[in-house]
Amino acid sequence: MTFLSLPTLILAAALSIPALLLLYFLKLRRQERIISSTLLWRRAVQDLQVNAPFQRLRRNLLLFLQLIVLCSAAFALGEPVSRFFARRDRTLVLLVDQSASMKSREADGTRLDDVRRQAGTFVRNMADSDRAMIITFAGRASVVCPFTSDRRQLLRQLDAIEATDSPSRIGEALQLAVAYSSKIVDVPGATTPLAAAPTANIELFSDGRLADAEEQVVQRGQLRFYPAGRAADNVGIVAIDVRRNYENPGQLSVFARMENFGPAAVTSDVELKLDGRTLSVKEITLDAAAPEKPAATQAAQPTSTPASQSLAFELTHEAAGLIELRIVRDDALAADNVAYVPIAPPRPLSVLGVSDRDPVRWFLERAVRGVAGTSLTWMTPAEYESAPESKLTDGGRSKFDLVLLDRHDTARLPSGNYVFFGGVPKIEGVSASGETDQENVVYWDETHPLMRYVLLDGVHIAKWRTLNLPRQSTRLVEGETSPIVALLAEPGRQSLLLAFDLLDSNFPIRLPFVVFMQNVLRTLPAGGGDLARMLRPGETLTCPVPREASEATILRPDGRSDRVRVGEQIVLTYGRTHEVGVYRVRFDDPQRFTAQYGVNLLDRVESRVAPAERLSIGSQEVAEVSGLERINQALWPYAVGLCLLVLVVEWWIYNRRVMI
Amino acid sequence: MPPTPTRPPSSTPAAREPADDVLLDPQFMHRLEQLEIVSRKIFAGKTKGERRSTRKGESVEFADYRNYVVGDDLRFLDWNIYARLDQLFLRLFLEEEDLNVTVLIDVSRSMDYGRPSKAVYAKRIAAAVAYIGLVNYDRVNLYAFNDRLLAPLTGLRGRRMMQRVVKYLTDLPVEGAGDFSSAARQFAIRHTQKGIVLIVSDFFDKRGFEEGLRYVLGRRVDAYVLQILAPQEVDPDLTGDLKLVDCEDSEVAEVTISRPLLNRYKANLEAYCKFVRGFCVQRGMNYLFATTQVPFDQLIVNYLRRRGLLR
């Protein structure tokens with residue numbers, strides 16, 4: 001048995017017990033009464049010789065009981081525990097996973113409950129001198145409790161942690177943990193005790209399904225892993241896409257991929273709904289997931305091939321709507337059983353081309369006309385610069401869904417979407433310095449919607465302008481030293497920069513150019529792409545603000561709503577998208593939803609709910625700690641019980657004595 | 001519980017009790033004149049009196065015959081027997097003499113306790129018994145003691161002596177620690193006459209009372225032991241944490257009054273009284289117990305009469 005608060009015990013006992021004894025000594029001053037003879041009293045009272053105080057104390061039952069009460073209370077204050085494991089750690093960082101897999105149903109509650117239990121036990125076992133902080137992580141990490149020794153505060157904060165539907169990304173949490181603990185350690189040139197403080201220990205409470213685990217390195221301190229959860233049965237939607245037919249925009253194709261992560265084969269129905277109406281139900285049969293290979297990097301990216309199946313649905317729908325795909329099955333994780341895709345109605349796109357070169361006009365016109373219902377207007381750069389405001393803008397926004405600028409650097413960029421071919425926008429942070437030539441295309445981001453199905457294998461670019469871009473720009477195609485294609489997203493304005501002149505490459509005459517332009521026309525114009533309205537949990541929702549709107553209301557999937565002042569903003573940004581479901585945005589008019597956004601998990605790492613058997617951070621395997629070994633049996637309730645019992649007995653004895 | 005004397009329901013202490021400075025009121029003395037002290041034994045007296053004596057004398061009551069020896073008074077020869085048996089027998093007659101009545105009262109400081117005080121109560125009893133004795137021409141002796149025998153008043157006879165009795169008792173100081181053994185020893189040495197001895201005390205003597213009673217018994221007297229306690233001693237009205245001080249030797253007992261302690265005290269008192277009674281009864285002494293709560297006249301007229309001391 002060990003005391004967690006030994007100083008408290010000693011202090012309480014040192015103060016109270018002498019005080020009680022002193023009270024008893026003081027009590028010896030009695031009222032004097034003269035009687036005829038003490039002969040019989042002497043016989044009646046055995047302790048006549050009360051001048052010897054210890055003899056008196058020894059025989060006083062009430063004092064004895066009161067001493068027991070005080071000792072019990074002091075004992076309880078000392079927080080005695082049995083089976084205590086003494087640790088030398090002083091600075092602890094608790095990383096608590098709150099990703100989607102934490103919502104998995106376990107035998108007794110959710111997986112997060114299990115995590116909370118383990119972390120709670122850990123906190124209760126901390127010594128008084130230990131300091132701990134709590135960092136939760138899912139897609140992002142946040143400090144929910146700064147360093148404190150107050151165990152009650154830590155427990156309170158633990159209880160307040162809720163699971164999100166976001167994927168697990170531990171990187172930011174590890175950086176936070178190291179940063180916070182480094183504040184204590186890295187005092188430059190200091191010889192203070194703080195500098196000598198031990199390195200923080202990082203206690204990870206998770207199921208070990210961390211998407212970025214192998215990319216991380218624990219620079220400082222020791223990481224310990226407390227695995228949670230047992231459930232493994234799960235089937236989830238891992239990918240979904242909805243496309244309109246290029247030639248017939250009324251035709252919709254829904255592609256989805258389902259995967260079984262459980263240990264048993266599964267047969268289930270998959271239901272497709274449009275605006276709540278069931279359109280189609282298909283049955284899928286998925287084999288059991290292949291067992292994980294005991295590779296060191298297993299937890300980060302599962303390399304096994306679980307049984308998976310793709311489904312395609314065809315439907316005709318020309319208006320806006322909400323497509324819902326649902327696996328009709330009750331499994332451990334519900335968040336990945338459904339996916340929502342809001343679809344926008346096919347509407348004619350209005351495109352402005354700014355070029356004074358006929359070949360470019362010819363290539364672009366052919367590429368743009370390929371998309372049904374698209375109107376293209378041409379201007380020369382001079383006309384563009386001199387055009388009256390009313391010709392280009394409408395209420396501060398561009399009148400055109402997309403503006404294509406050929407070799408034209410301009411600062412005339414009202415809110416809208418722009419594609420620069422060989423030009424740069426004249427905005428802060430963006431510039432072109434010189435030219436890059438004799439380099440090859442070394443990388444392009446195939447996963448980005450703009451680059452989907454765009455293969456640049458056979459594309460040669462003779463030279464391109466060396467772009468200097470702000471850090472938040474997205475580089476889609478890169479050369480050896482400078483970016484070739486980049487997307488610059490600002491509030492209310494998206495600029496796609498192609499650093500090269502179309503005529504300096506063979507890009508316009510290659511098939512990828514057509515595909516690329518299709519992607520640009522479908523994705524870049526505001527509301528023009530369905531995938532733009534599909535987010536991953538935790539991603540920022542952006543929505544163009546209609547004119548004269550003052551307030552936006554975002555109706556969340558859980559039924560609550562958030563109000564956001566949009567004032568003079570052109571684009572609404574909203575970050576609380578941690579929950580899977582449909583987010584509806586409306587402006588001012590409460591009855592009219594102007595936009596719907598689907599937040600879907602679509603994460604194989606999270607869908608694989610079976611807890612990782614081992615966890616590796618970087619190349620190091622993390623020591624697993626069994627929660628059971630650390631359980632301390634708190635003994636203070638027994639001490640308090642004894643205290644109350646003895647108090648009752650003492651009260652009874654006292655009353656029995658004085659009642660005459 | 002100690003033996004409780006019977007108490008007539010009509011009696012109220014306030015109505016019957018004389019004032020503290022008056023030992024006996026005249027009305028009660030008049031009632032006492034009808035009583036006489038009874039001895040269970042027959043003793044030889046000193047002078048002619050109204051009591052039958054062990055001596056043979058000149059009364060009219062025949063007692064016995066004995067053989068004539070030379071020098072006997074020829075007037076007491078029974079000539080009828082001489083005529084029939086031709087032998088000389090002398091007729092003996094009972095002698096009537098006085099009775100020695102001795103009252104031994106405790107005037108140690110422990111007797112000055114209770115309301116009414118045990119000492120006053122004891123003095124009244126002594127006065128009453130002495131008066132009864134004087135009225136009946138008995139020889140009355142009064143002794144008082146604390147840790148020693150005080151100056152006695154002895155050899156009183158006739159009701160005129162009552163004034164001396166009252167003065168003696170009134171002037172008796174109530175002081176000093178009690179030592180009954182020592183006092184009884186001195187009493188035994190000084191008091192050689194046989195008769196009735198009434199000992200009035202609370203018998204709260206830490207040195208013990210047994211030796212003293214043995215001294216008294218050694219004189220072969222008809223002894224009556226009257227133990228007097230105050231009601232405050234029988235049922236103490238004490239509460240709380242107290243320092244009890246013995247009024248005689250200032251010994252201190254620190255007690256926390258509680259129900260178990262009181263019960264234990266009462267049990268001890270009862271056992272003590274039983275012990276005194278047993279000691280007396282086994283040795284042929286008459287044991288009487290009274291608390292000062294019992295009205296004094298009732299004690300004399302009813303209680304002592306019932307116990308056979310008075311008639």
Side-chain angles (χ1 to χ4, degrees), chain A residues 17-70 645-660, chain B residues 2 106 108-114 117-119 177-178 201-209 228-230 232-273 275 292:
Chain A
I17 292 175
L20 177 68
L21 293 177
L22 189 66
L23 281 174
Y24 265 78
F25 281 121
L26 293 176
K27 208 176 162 186
L28 286 175
R29 292 183 66 86
R30 296 158 184 272
Q31 197 181 351
E32 193 172 295
R33 292 285 284 271
I34 293 175
I35 58 166
S36 58
S37 175
T38 54
L39 176 69
L40 295 174
W41 289 107
R42 195 175 179 177
R43 293 182 184 178
V45 184
Q46 297 299 316
D47 52 351
L48 262 184
Q49 299 300 322
V50 285
N51 290 331
F54 290 104
Q55 185 178 357
R56 160 113 183 101
L57 293 178
R58 195 170 61 240
R59 296 177 181 184
N60 194 316
L61 178 62
L62 287 183
L63 173 65
F64 178 66
L65 293 176
Q66 285 161 7
L67 280 175
I68 291 178
V69 169
L70 280 183
L645 182 70
V646 176
L647 263 182
V648 169
V649 170
E650 193 226 347
W651 182 246
W652 179 74
I653 289 175
Y654 174 76
N655 275 295
R656 193 168 151 267
R657 281 192 172 188
V658 297
M659 206 178 294
I660 295 173
Chain B
D106 184 356
S108 66
R109 201 173 294 148
S110 69
M111 291 294 285
D112 191 15
Y113 185 80
S117 162
K118 290 187 288 183
S201 173
D202 55 7
F203 292 99
F204 282 162
D205 196 328
K206 285 174 187 163
R207 296 179 187 87
F209 63 91
I228 298 176
L229 294 181
Q232 291 81 4
E233 289 168 332
V234 175
D235 191 10
D237 53 349
L238 302 173
T239 52
D241 296 321
L242 298 175
K243 186 161 109 179
L244 302 178
V245 181
D246 193 313
C247 64
E248 289 187 0
D249 55 7
S250 300
E251 190 181 41
V252 169
E254 292 195 354
V255 295
T256 300
I257 302 295
S258 61
R259 183 180 286 276
L261 181 67
L262 283 177
N263 291 340
R264 203 158 146 197
Y265 170 82
K266 288 175 184 174
N268 279 350
L269 178 66
E270 188 178 352
Y272 184 70
C273 293
F275 175 63
T292 57

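As a basis for the values below, the full set of heavy atoms in this structure was taken, side chains included, without hydrogen atoms, waters or symmetry mates. In what follows, chains carry the letters A, B, and so on, assigned in the order in which the sequence lines appear, proteins first and then strands, with residues in each chain numbered from 1.
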J.: First locate atom CG of A/L39, then atom CG of B/N268, and finally report the distance between them rounded to the nearest 0.5 Å.
T.: 9.0 Å
J.: Evaluate the side-chain proximity of B/V245 to A/R33: yes if any heavy-atom separation is below 4.5 Å, no if none is.
T.: no
J.: Can you give me the closest heavy-atom contact between A/S36 and B/C247, atom names plus distance?
T.: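 Scanning both residues, the minimum pair turns out to be O-SG, 3.4 Å.
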J.: Check ring-ring contact (aromatic ring centres under 6.0 Å, His included) between B/Y272 and all other residues, then give those that pass, not counting sequence neighbours.
T.: none
J.: When rounded to the nearest 0.5 angstrom, what distance separates CH2 in A/W41 from CG in B/L269?
T.: 10.0 Å
J.: How far does CD1 of A/I35 sit from CD of B/E251, to the nearest 0.5 angstrom?
T.: 9.5 Å
J.: Picking from B/K206, B/E248, B/E233, what satisfies side-chain contact (heavy atoms from CB on, under 4.5 Å) with A/S37?
T.: B/K206
J.: Under 4.5 Å between any side-chain heavy atoms of B/Y113 and A/I34, yes or no?
T.: no
J.: At what distance, to the nearest 0.5 angstrom, does CD of B/E254 lie from OG1 of A/T38?
T.: 12.5 Å
J.: Please round to the nearest 0.5 Å and tell me the distance separating atom CD of A/Q31 and atom CG of B/L244.
T.: 10.5 Å
